[in-house]
Amino acid sequence: MAVVKEKPREEQLPTRRRKIAATGSDAAAYAVRDADVDVVAVYPITPQAPIAENIAQMIADGELDAELIHVESEHSAMSAAVAAAATGARSFTATSSQGLELMHEILYIASGLRQPVVMALATRALSAPINIWNDYADAMAMRDTSWIMIFSENVQEVYDNLVQAFRIAEHPDVLLPVVVTLDGYILSHTTEALEPLDREEVLSFAPKRPRGYRPVLDPDHPVTIGVLGAPNWYQEVKVQQALAMRESRRVIEETGKEFGKRYGREYGFIEPYYMDDAEVAIVTLGATSSLVKAAVNRLREQGVKAGMVKIRVFRPFPAEELAKVLENVNALGVLDRAVSFGGALEGPLAMEVLSTLAVRGITKPFISFIHGLGGRDIFVKDVVEMYQKLLEAAKSGKSVTRTLFYGVRSRRGHII
Amino acid sequence: MALTKPIKSLWEIPREERFVGGHAACQGCGAALVLRHLTKVVGKDAIIVNATGCMEVISTLFPRTAWRNPWLHLAFENAGAAASGVEAALKALQRKGVLDKNRYIKVVAIAGDGGTFDIGLQSLSGMLERGHDVMYVVYDNEAYMNTGIQRSGATPYGAWTTTTPVGKKFRGEWRPKKDIVGIAYAHRIPYIATANPAYPIDMINKFVKAYNTRGPSLVHVLTPCTPGWRIPESKTIEVAKLAVQTGMWVLLEIENGKPKVTVKVRKRKPVREYLKMQGRFRHLTEEDIKKIQEMVDKYVEEINRWVGEEAIGPVEE
Ligand SMILES: Cc1ncc(C[n+]2csc(CCOP(=O)(O)OP(=O)(O)O)c2C)c(N)n1
Ligand code: SF4
Ligand SMILES: [Mg+2]
């Protein structure tokens with residue numbers, strides 16, 4: 001038997017980690033456990049409910065030492081989470097769809113008061129008609145609430161993004177709430193391989209900062225949080241908030257790089273897929289990206305120079321990165337899973353991408369696609385068709401001036 | 001230092017001001033007076049959670065604040081939930097050794113009648129039902145004063161407000177006041193009381209008891225509002241006192257489910273005396289006043305039956 005004389009140095013340790021089978025909801029709960037969250041305030045809703053249940057079980061089993069507040073609504077969940085953060089606790093909540101809408105008022109208050117709440121959002125369509133399946137209508141409805149928004153593509157990303165979320169939110173140059181999405185059912189209920197980190201690692205990557213590094217409710221240092229801001233001050237507060245959102249880019253970037261250095265999975269604002277020589281590209285979000293990647297693979301086999309860009313960080317919007325990667329395509333599409341009813345284009349992400357390019361003087365034949373509302377299956381062939389439409393646009397040099405809905409039940413064909 | 005024992009005379013009220021002058025409340029504001037006393041009772045080691053409403057608005061116009069305590073305001077309808085969040089955070093941080101385990105920090109929620117009876121009722125119910133260690137003080141000026149005297153569920157029968165105006169067809173509020181004490185009682189919380197600034201010792205001692213309760217407590221305080229009730233700035237206490245003397249407002253205490261009247265009224269004054277002092281009741285006819293008298297008589301009867309004695313006596317002209 002070999003005798004170990006000294007403790008091995010870090011670089012000598014094996015880097016292979018244990019892999020477990022986990023759903024996105026498991027991954028979210030593990031991240032909460034590993035980040036040693038102090039207060040969890042949750043109200044159940046499909047498909048977020050397993051996150052709440054998992055956390056409750058962990059607390060019941062003594063694996064997580066947190067106060068679980070069984071709030072009577074999501075409005076109260078967000079209120080309690082913000083108040084706990086204001087008291088100096090690491091606080092977490094999770095929701096979906098109608099629950100997020102009920103929180104809406106307090107979403108702005110969380111960010112306006114600069115409270116680093118972290119939330120998991122199992123994305124789901126909005127009523128009416130009531131629908132429990134995946135799309136991004138709920139997430140898109142919070143885009144102006146001054147939350148940092150990170151989309152996950154798979155179960156591993158749910159975990160990794162949440163771990164990073166605590167570090168980003170609590171960073172003194174940021175102090176903004178962060179939401180991490182997981183596609184309802186597609187990720188929240190689907191089992192994949194997950195490589196969780198050790199708790200000590202998580203706490204060294206996203207350490208709890210000393211109390212008092214930011215103003216909190218403390219009898220020894222009384223502060224008034226939640227003041228009345230009249231016209232002589234309100235604007236300054238909001239501008240500071242906008243600047244904090246801009247400043248957060250640096251911290252998000254640093255955090256993603258550092259994560260890669262430590263654990264081998266680096267994260268940026270966007271993930272380009274076959275973009276080096278792409279002639280046509282689609283921009284999309286979340287787990288939908290996997291589907292678009294599959295379409296790209298199929299097209300590449302046929303010799304079509306297709307590419308894809310996944311937006312990981314939706315807020316702050318990665319305009320520079322996106323403009324750079326899209327500079328050389330001949331035509332460009334955006335696949336949205338939400339509708340901005342009556343908008344100039346009806347795809348909310350489409351409008352963001354287009355304005356990103358327009359202010360930089362980049363014009364491309366452009367098509368806004370919407371598909372996959374309320375859990376409607378998007379088939380790879382549908383996405384392939386979108387690329388074909390883009391190839392036509394590239395050839396004619398013309399954009400389609402209105403949004404195209406794909407996968408619709410209609411006698412006139414599935415595109416409206 | 002919190003006042004932890006009941007007081008017998010006004011001289012025992014702590015001199016230290018924690019809700020300080022310079023705020024923007026109207027002259028004669030009953031609620032501001034109550035907060036001044038409340039903060040004297042709870043002292044330094046209390047975190048205040050305030051709902052949107054007059055008291056929040058008058059006390060924190062940036063960059064100034066009237067609060068010497070740590071103070072949090074999130075929104076109108078969520079004082080109960082926000083207070084729950086603060087309390088849970090304190091518990092977790094104390095357990096984990098971030099905060100001193102042996103130091104007692106009280107969470108005090110303050111909300112108006114609108115923020116409590118109406119829009120904040122669900123959040124309050126959740127807080128009470130979950131058993132958070134929060135002292136909840138509702139200052140009841142019987143309308144949404146901050147937005148311009150609109151009626152609330154706490155507006156009494158007959159009162160004029162800007163949304164129960166006096167016209168040819170309708171003349172003021174036509175529904176009785178909601179029973180918030182009954183609602184709190186249904187939650188089986190350890191301590192509930194009603195209070196009134198015209199009886200400062202009784203009020204302060206109720207704050208002391210609520211402070212010393214471990215678990216949820218609720219103190220419902222009547223706070224006359226000079227513009228909303230259409231009363232002169234000098235009459236706040238007089239009107240508040242008449243509310244008790246007429247039986248419109250009974251000073252109650254419910255400790256661990258046992259009700260008690262803390263200020264007994266042997267001989268009641270007719271409600272007319274209370275109503276006549278206030279512009280919001282100016283339009284009432286003799287018939288209306290008679291109806292209100294009957295309502296109060298019935299209420300007094302109910303209370304006496306509940307506490308098991310004639311704590312509030314008959315009307316004597
Ligand atoms: C969700 C929401 N609805 C309405 C308002 C507007 N509002 C602010 S204060 C207030 C009335 C407050 O009434 P009350 O709780 O009785 O307190 P008071 O102003 O009488 O002290 C209203 C309606 C608000 N701030 N938020
Ligand atoms: S309106 Fe009434 S409650 Fe509001 S500050 Fe003035 S007196 Fe006080
Ligand atoms: Mg009121």
Side-chain angles (χ1 to χ4, degrees), chain A residues 36-41 43 65-91 93 103 105-106 108-110 112-113 115 117 208 210-212 215-230 232-234 236-237, chain B residues 18 24 43-52 56-93 95-96 98-100 103 105-107 109 120 122-127 129-130 132:
Chain A
D36 188 36
V37 164
D38 302 310
V39 176
V40 178
Y43 192 81
D65 182 11
E67 282 294 312
L68 175 60
I69 312 180
H70 297 95
V71 278
E72 77 302 325
S73 73
E74 289 87 353
H75 192 283
S76 286
M78 186 47 70
S79 303
V82 174
T87 315
R90 187 168 265 189
S91 85
T93 186
M103 284 179 180
E105 182 195 27
I106 314 301
Y108 285 93
I109 292 171
L113 296 181
Q115 296 304 325
V117 174
K208 288 190 164 173
R211 193 176 165 74
V216 291
L217 298 168
D218 184 341
D220 293 332
H221 310 278
V223 283
T224 294
I225 303 178
V227 298
L228 174 63
N232 56 344
W233 281 110
Y234 181 88
E236 279 64 34
V237 176
Chain B
R18 306 201 61 83
K44 175 172 181 278
D45 284 358
I47 296 177
I48 314 276
V49 177
N50 207 156
T52 310
E56 165 262 327
V57 167
I58 58 102
S59 64
T60 64
L61 178 60
F62 187 80
R64 303 202 297 171
T65 179
W67 301 92
R68 292 225 164 111
N69 280 59
W71 182 93
L72 177 71
H73 157 250
L74 296 185
F76 183 23
E77 66 283 58
N78 63 357
S84 302
V86 173
E87 185 252 12
L90 290 175
K91 250 182 170 167
L93 295 174
R95 196 167 58 229
K96 293 181 175 188
V98 177
L99 291 176
D100 182 359
R103 180 167 172 187
I105 298 171
K106 189 84 190 178
V107 183
Q122 170 182 316
S123 164
L124 169 67
S125 173
M127 184 205 97
E129 169 268 322
R130 291 189 300 268
H132 292 278

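Order of the sequence lines sets the chain letters (A, B, ...), proteins ahead of strands, with each chain counted from 1.
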Less than 4.5 Å apart, any side-chain heavy atom of [X] and any of [Y]?
X: A:L113; Y: B:L74; answer: yes
X: A:P222; Y: B:W67; answer: no
X: B:L93; Y: A:R211; answer: yes
X: B:H132; Y: A:I69; answer: yes
X: A:E72; Y: B:E129; answer: no

### Query
Pick from B:K91, B:R95, B:K96: which one makes a salt bridge (charged side-chain N to carboxylate O under 4.0 Å, His left out) with A:D65?
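Among B:K91, B:R95, B:K96, the one that satisfies the salt bridge (charged side-chain N to carboxylate O under 4.0 Å, His left out) with A:D65 is B:R95.
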### Message
Out of A:G88, A:S91, A:A80, A:A81, return the one with the most heavy atom pairs under 4.5 angstrom to chain B.
### Response
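Looking at each option in turn, the highest pair count goes to A:A80.
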### Query
What option among A:E105, A:R90, A:H221 has the most heavy-atom pairs under 4.5 Å with chain B?
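Heavy-atom pair counts peak at A:E105.
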Which heavy atom of [X] sits nearest a heavy atom of [Y], and at what distance?
X: B:A92; Y: A:V39; result: CB-CG2, 4.5 Å
X: B:T65; Y: A:T224; result: OG1-OG1, 2.8 Å
X: A:P219; Y: B:K44; result: CB-O, 3.6 Å
X: A:T87; Y: B:A89; result: CB-CB, 3.6 Å

Measuring from atom [atom1] of [X] to atom [atom2] of [Y], what distance do you get when rounded to the nearest 0.5 angstrom?
X: A:L217; Y: B:N69; atom1: CG; atom2: CG; value: 10.5 Å
X: A:S76; Y: B:M127; atom1: OG; atom2: CE; value: 11.0 Å
X: A:I225; Y: B:W71; atom1: CD1; atom2: CH2; value: 10.0 Å

### Result of checking A:I106, A:I109, A:V82 against B:N78 for side chain to side chain contact (heavy atoms under 4.5 Å, CB included)
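Testing each of A:I106, A:I109, A:V82 against B:N78, the sole residue satisfying side chain to side chain contact (heavy atoms under 4.5 Å, CB included) is A:I106.
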Part of [X] lying under 4.5 Å from any heavy atom of chain A:
X: B:D45; result: both
X: B:R103; result: side chain
X: B:L99; result: side chain
X: B:R130; result: side chain
X: B:L61; result: both
X: B:L72; result: both
X: B:I105; result: side chain

### Task
Sort A:V40 into side chain, backbone, both or neither according to what part of it lies under 4.5 angstrom from a heavy atom of chain B.
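Neither part.
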### Query
Where on A:A86 is there a heavy atom nearer than 4.5 Å to chain B: the side chain, the backbone, both, or neither?
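Answer is side chain: those atoms of A:A86 sit under 4.5 Å from chain B.
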### Message
Can you tell me which of B:V86, B:I47, B:V57, B:V98 forms the most heavy-atom pairs within a distance under 4.5 Å of chain A?
### Response
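Counting heavy-atom pairs under 4.5 Å, the top option is B:V86.
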### Modelled atom types, side-chain donor and acceptor of B:Q122 and A:S73, under 3.5 Å
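Present: a donor and an acceptor within the cut-off.
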